Every structure is written in structure tokens, then in C-alpha cells.
Number of protein chains: 2
Amino acid sequence: MQDGDGSGAGGTGSPEPAIEVPAARERARAIPEAAVARLAVYLRVLSGMAEQEVTTVSSEELSAAAGVNSAKLRKDLSYIGSYGTRGVGYEVAVLIGQIERTLGLTRKHSVAVAGIGNLGHALANYGGFPSRGFPVSALFDMDSDLIGVPVGGIPVDHIDDIEQVCIEREVTIGAIATPAQGAQEVCDRLVAGGVACILNFAPVVLQVPEDVEVRKVDLAVEMQILSFHVARRQQDADAPETAGGSGVAGVDGVDVGPPGTSGRMSQEIDPVNRMVERL
Amino acid sequence: MQDGDGSGAGGTGSPEPAIEVPAARERARAIPEAAVARLAVYLRVLSGMAEQEVTTVSSEELSAAAGVNSAKLRKDLSYIGSYGTRGVGYEVAVLIGQIERTLGLTRKHSVAVAGIGNLGHALANYGGFPSRGFPVSALFDMDSDLIGVPVGGIPVDHIDDIEQVCIEREVTIGAIATPAQGAQEVCDRLVAGGVACILNFAPVVLQVPEDVEVRKVDLAVEMQILSFHVARRQQDADAPETAGGSGVAGVDGVDVGPPGTSGRMSQEIDPVNRMVERL
DNA sequence: GGATGTGAAATCCTTCACAGCA
DNA sequence: TGCTGTGAAGGATTTCACATCC
């Protein structure tokens, strides 16, 4: 998962344990992060079912469609209440309503997009995002050629006006689609503008106050994770059970290191990340 | 993470322990998924440091820059071997090399992009992605106006040719940026073309053979997770310590159901997901 | 009979704290 | 002395399996 937890909120090195509350005592809203993400998926699947006039589902059916196992699904749903009927299943409409309520989808969340490049355009052109739900209500860029130009129906404002505009338009979610260099500053301004939820597409680790929620969408990381799996597969294929006596430990048995390539490939510093600077 | 485990694969209730290997044979590949994702982040941070001529970092410094705590960072690095020097820290160049090796970044991974809409364009225009690393080598769409038109230097092929083209160009990673409707079929074709790693931007849960790795980038889900946090915050603000002594249990205390809103809002079926059909 | 809801076990991940080495 | 590497403790998440109810 993306985490985005407390992060290094300043305390660089200081052993300070932060203001850490006595854990979950506070909010009984104890829905695990992981479950929240899945609820959103269930919601989508359910919507599809509702469209096809399906009125009832069992945990088996829904879980299969959502790609999880049924026990997990039931536990996830149990976090939001008991809306099923034993021996029957769940009413699609009811579940949709309850998940929407839990996710806070019954109110609007104005979105601001910063960085109107390829991705920013794509975001702005979502058709204004869900006509109900997540309306894009502000666009920002620093390119003077773009200022004032409407994209997806909304004129681009200058990045210097973020604070003011966000406050005016009551933006609650900020999407950062700028190049890496500008991302932290844009983030700071969004926060100054009262935006407490950020969706970060820029390949940087944002430093934010702990009351700001950051989710990141990181293409380079995704690609590299996939690359890892390709590599793993290859190794399994190359040496299904070789082991060469290196044993299980493997903790130090990292001699797998390809001869002569150890520190060399880093000559041209990380070509991957260099490129993925802006979507 | 789509999991992709047995899922509905019959295992419904059958006590069959599956083919589950004794875990021992798993060897050194024991790097936790979560750690792999972070390694990619460390790599990026390290690259930035290398660019600035930094040659050595301590776990404290690196972890702060990566937004994790130092113990986690050290544990993550320990999965790939022991490349630090006690009392000193890590050599940036060495770590970069080792992480790249672990993630399989020492070989190329040809990428195919299916669906040349807003997002597909953005992906194709990455400049051909990392000149070394993840070259985009194929583009697909079904819009006949697009076929043959070069985007980001690569001509668009018809989606019917996926299999053939992927095999020819040895595509290892497929990015699906199509509308929801076509995604599963595109996915199936990619798999038929030998693509075992898929990055899915379409808002659907893909069904794939278990040897195919799927990562998904799901805007609607991300937005909804943020929405959840906004809602949680609001509730906390509205009733900072109400709780009514519900304590931790709260398992059943989910009667939080807002009066009169239960099944009503589901009238217009999930406006959110309807919109986010294509980035 | 059939499916939900949920304690409890199992698994995975994170954090602690300290031994060990440069 | 200072920082890495890592067992062990602690949490969080997932899975099991079954009591419970329609």
C-alpha cells in the first residue's frame, strides 16, 4: 500500500516519538486502511451489478468479481455494519448506499489539479470528473501560455494563486501532476490553502504535516515492482531448484551478484527515474 | 496488488491445502512485497543523492528522505544483502547498484500501451520512457483513425494484432489504458501474447491466470480513499470525543447509520464510478 | 439447507532494542 | 563512538471455521 503514514514529519533523526496518540482509542472508526481500499472496489463491482438489474449477491459472488476471497469480503463488510441476510446474501442497493456513506461519497469533494501537462490534461478532461462526486474546480500551472486557457472547461490559474483559489473554491483534494522539482512547493501551497488530502503523481516523497493525507500514484515504482517479478520469474526458471548449496539462509548468500556488474551499472545514474520525471 | 491467489478457484470450503510449497524452498526470494515497493522509492532518493555528488548516507538520512523510519529501511536493505559499513553508513553507488539488480533493472523491459486516449498519449509521450529501462515499443488502439499514426515516435497498431506484435517485439509489460469495457479482452490478448506483467489503469478487476502479475492504478479508488479520510476527519471534528464509551470493541457499534439516508442515495447508481471510466 | 458475521488462529509487516563491528 | 544488521516483540491483516440466524 501507499502508506503515507506519519512519514518523517520533520523529526529528522530526533528520537522524539511524535505526538502519537494512544493508538486507535480515539476513533472507533476502526476500519483498517486495507479494507477501505477494497470497499471502493466492491462499490464499483456492485455498481456494475446494479446496472444489470442484479438485486442480490452472496459473498461468494461478490468476492469472486472483486478478486478477493469471500471471508475477507465478509470481514470487510462487517466493519461497516450488518446489512446481509443469512441464508440469502446482500441487497445490492443497500450495500452501495452503505459503502458510499462510509467512504464519505454523499458529499462533494472539489478537486484541484496542479500541473497541466499530459497527465494534468488527462485529469482535467475526465469530463469534469464525476458530475457528482469529485468535480474538478481548479487547475494550476506556471506556464504563462496556459494561464487563462480553459482545459476541460476550467481556466488554468497561476500556481502562485493556489492558496487563494483553493480557499475560495473550497478545494478538498489536490492532485499534483507537476514535474518532480516543483512538487514539494506546490504541495506546501495546497496545504496552505487548506487542502488536507493530496493525490501525488510526481515522483517525489512529499513532506507534509501529519494531518495531511497523501496518496501517491507512482508509475516508476509500479514498473519497477513488475520488473522485480519478471526477474524473480526468470530466476525461478533459470534455476528451479539449483540452490548450489548456498542454502536457504541466503541472507548473506547474495553472491547472486552478477560478476563484474556490482557498482558499475550505476555509471549513468539511474536512467529509470531520470526519465519518469513527469507523466 | 490483485492478489490473484486461488481466488474463486474452486477452493470454496474444500480443506485442500493447495499446492502450497513448504515455503522453505522459496529461498532468498523472501523479499516482502511491501519491501519491494519501498526499494524502488529508495532507489529514486539515492539517485537524487548521487546526482548531487553525495557518496555516503546513513540509514537515518536515507529513511528521512524516503519518508519511512530507519529501522524499516535497514530491514528492507537487509533483504538484499549487507552492503553497509557499521559506524559509517552506505555507499550510495553500491546501494543503487544492488537495488537495481534486485529489481531486475539491469535488463530492458519492453512496454506495450493499449488504449491511446488521454492517458495512453501521456504514457507514450514519456519520451519513450526511460531510454534505458522501460522502452515503450508498441501502442494499440481500436480507433481506425489512430492506426498507423505515430505517437511518441511509435505507430499505433490495431488491437487485434496485440498477440502477434507483443511476441515479435518481446513485450514484457503491458499497460492497459482502455475504457473499462474493453480492458478484460485486451488483457486476455496481452496474456496470449506472452505478457506476464500488467499495469492496469482501467477501472475493472482483471481476471488473469495465476502466473500473471497485475498491478493496478485506480484513480477512483484513490479518490474514494481520500474521501474516506475527509469524512473521518469531519466526524472527528464534529464529535471529538463522543464515542459514548463504545471503547475498542465497536465491532457492532456500527449503527452510526445516518438517519434517513440508508438506501436512498443509491437512486442514481454510483455516479462516481460511472464517470471514471477512462482516464 | 444455506449464507452471514465473527472470535480465534495464522500470517505478514513493523518497530524495538541491542549485539557487533568499523 | 556511531551506525548497521537482526532476533524478538508487537501490530495489523488475512484466513479459518463455526455459531447463528433466515
Side-chain angles (χ1 to χ4, degrees), chain A residues 1-3 5-7 13 15 17-18 20 22-25 30-39 56-64 66-91 94-95 98 249-252 254, chain B residues 1 3 5-7 11-18 20 22-23 26 30-39 56-64 66-91 94-95 98 248-254:
Chain A
M1 210 111 308
Q2 312 280 58
D3 106 309
D5 76 312
S7 66
E20 222 47 276
R25 290 304 95 93
I31 306 181
E33 271 291 318
V36 173
R38 286 190 299 265
L39 283 172
T56 304
V57 267
S58 67
S59 61
E60 281 297 339
E61 296 166 329
L62 183 49
S63 67
V68 302
N69 77 341
S70 63
K72 196 189 289 186
L73 175 122
R74 288 199 301 279
K75 174 125 306 188
D76 287 345
L77 292 183
S78 80
Y79 293 125
I80 71 174
S82 294
Y83 301 103
T85 306
R86 289 166 200 241
V88 180
Y90 303 88
E91 259 195 65
V94 171
L95 269 196
Q98 292 304 327
V251 183
D252 68 335
V254 198
Chain B
M1 242 151 296
D3 99 311
D5 79 309
S7 58
T12 318
S14 46
E16 159 208 25
E20 221 47 273
E26 282 297 317
I31 307 181
E33 271 290 318
V36 173
R38 287 190 298 266
L39 283 173
T56 304
V57 267
S58 67
S59 60
E60 281 296 340
E61 296 166 327
L62 182 50
S63 67
V68 302
N69 78 343
S70 63
K72 197 189 289 186
L73 174 118
R74 289 200 300 277
K75 173 121 315 181
D76 287 344
L77 292 183
S78 79
Y79 292 124
I80 69 173
S82 294
Y83 301 105
T85 307
R86 289 165 199 241
V88 180
Y90 303 88
E91 259 195 64
V94 172
L95 269 195
Q98 292 303 327
V248 184
V251 184
D252 68 336
V254 201

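Excluded from the calculations below are hydrogen atoms, water molecules and symmetry mates; all remaining heavy atoms, backbone and side chain alike, are included. None of the values given here were measured: they were computed from a predicted structure. Residue numbers start from 1 in every chain, and the chains themselves are labelled A, B, ... in the order their sequence lines are given, proteins ahead of strands.
We find that CD of E33(A) is positioned 8 Å from P of dT13(D), with the value rounded to whole Å. For I31(B) and dG5(D), the CD1 to P distance is 15 Å, given to the nearest whole Å. The nearest whole Å value for the distance from the CG atom in L73(A) to the C1' atom in dC16(D) is 16 Å. Rounded to a whole Å, the NZ atom of K72(A) is 11 Å from the P atom of dT13(D). Rounded to whole Å, atom P of dA8(C) lies 18 Å from atom CZ of R74(A). Distance E60(B) CD to dC16(C) P: 12 Å, rounded to the nearest Å. One interatomic measurement links the two molecules: CZ of R38(B) to C1' of dC12(C), which rounds to 12 Å at whole-angstrom precision. Rounded to an integer number of Å, the gap from Y79(B) OH to dC12(C) P is 11 Å.
The nearest pair of heavy atoms linking Y90(A) to G84(A) is CD2-CA, 3.4 Å.
Atom-to-atom distance recorded for L62(A):CG and T56(A):OG1 is 12.0 Å, nearest 0.5 angstrom. Between D76(B) atom CG and S59(B) atom OG the span is 11.5 Å, to the nearest 0.5 Å. Annotation: the span from K72(B) atom NZ to L77(B) atom CG amounts to 13.0 Å, rounded to 0.5 Å.
An OP1 or OP2 oxygen of dT15(D) is reached within less than 4.0 angstrom by a side-chain nitrogen or oxygen of N69(A). At the phosphate of dA3(C), neither OP1 nor OP2 sits under 4.0 Å from any side-chain N or O atom of S59(A). Distances shown here put a side-chain N or O of Y90(B) below 4.0 Å from the OP1 or OP2 atom of dG5(D).
Side-chain N or O atoms of S58(B) include one that pairs as donor or acceptor with a backbone N or O of E61(B) at under 3.5 Å. Between the Q98(A) side chain and the L95(A) main chain, no donor and acceptor come within less than 3.5 Å of each other.
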Polar atom pairs (N or O), protein with nucleotides 20-22 of chain C, under 3.5 Å:
unit_1  : atom_1 : unit_2 : atom_2 : d
dG20(C) : N3     : R86(B) : NH1    : 3.2
dA22(C) : O4'    : R86(B) : O      : 3.4

Pairs: protein N or O with nucleotides 8-11 of chain D N or O, under 3.5 Å:
unit_1 : atom_1 : unit_2 : atom_2 : d
dA8(D) : N6     : K75(B) : NZ     : 3.4

Exercise. Determine, step by step, whether S63(A) and V68(A) satisfy the side chain to side chain contact (heavy atoms under 4.5 Å, CB included) criterion, reporting the C-alpha distance in whole Å, the side-chain angles of both residues, the deciding distance to 0.1 Å, and the verdict.
Key: CA-CA 5 Å; S63(A) 67; V68(A) 302; 3.9 Å; yes
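For S58(A), the side-chain atoms get nearest to dA3(C) when compared with the rest of dC13(C), dA17(C), dA3(C).
With sequence neighbours left out, R74(A) forms a salt bridge (charged side-chain N to carboxylate O under 4.0 Å, His left out) with no residue at all. Contacts of E91(A) classified as side-chain contact (heavy atoms from CB on, under 4.5 Å), with partners at least two apart in sequence or in another chain: V94(A).
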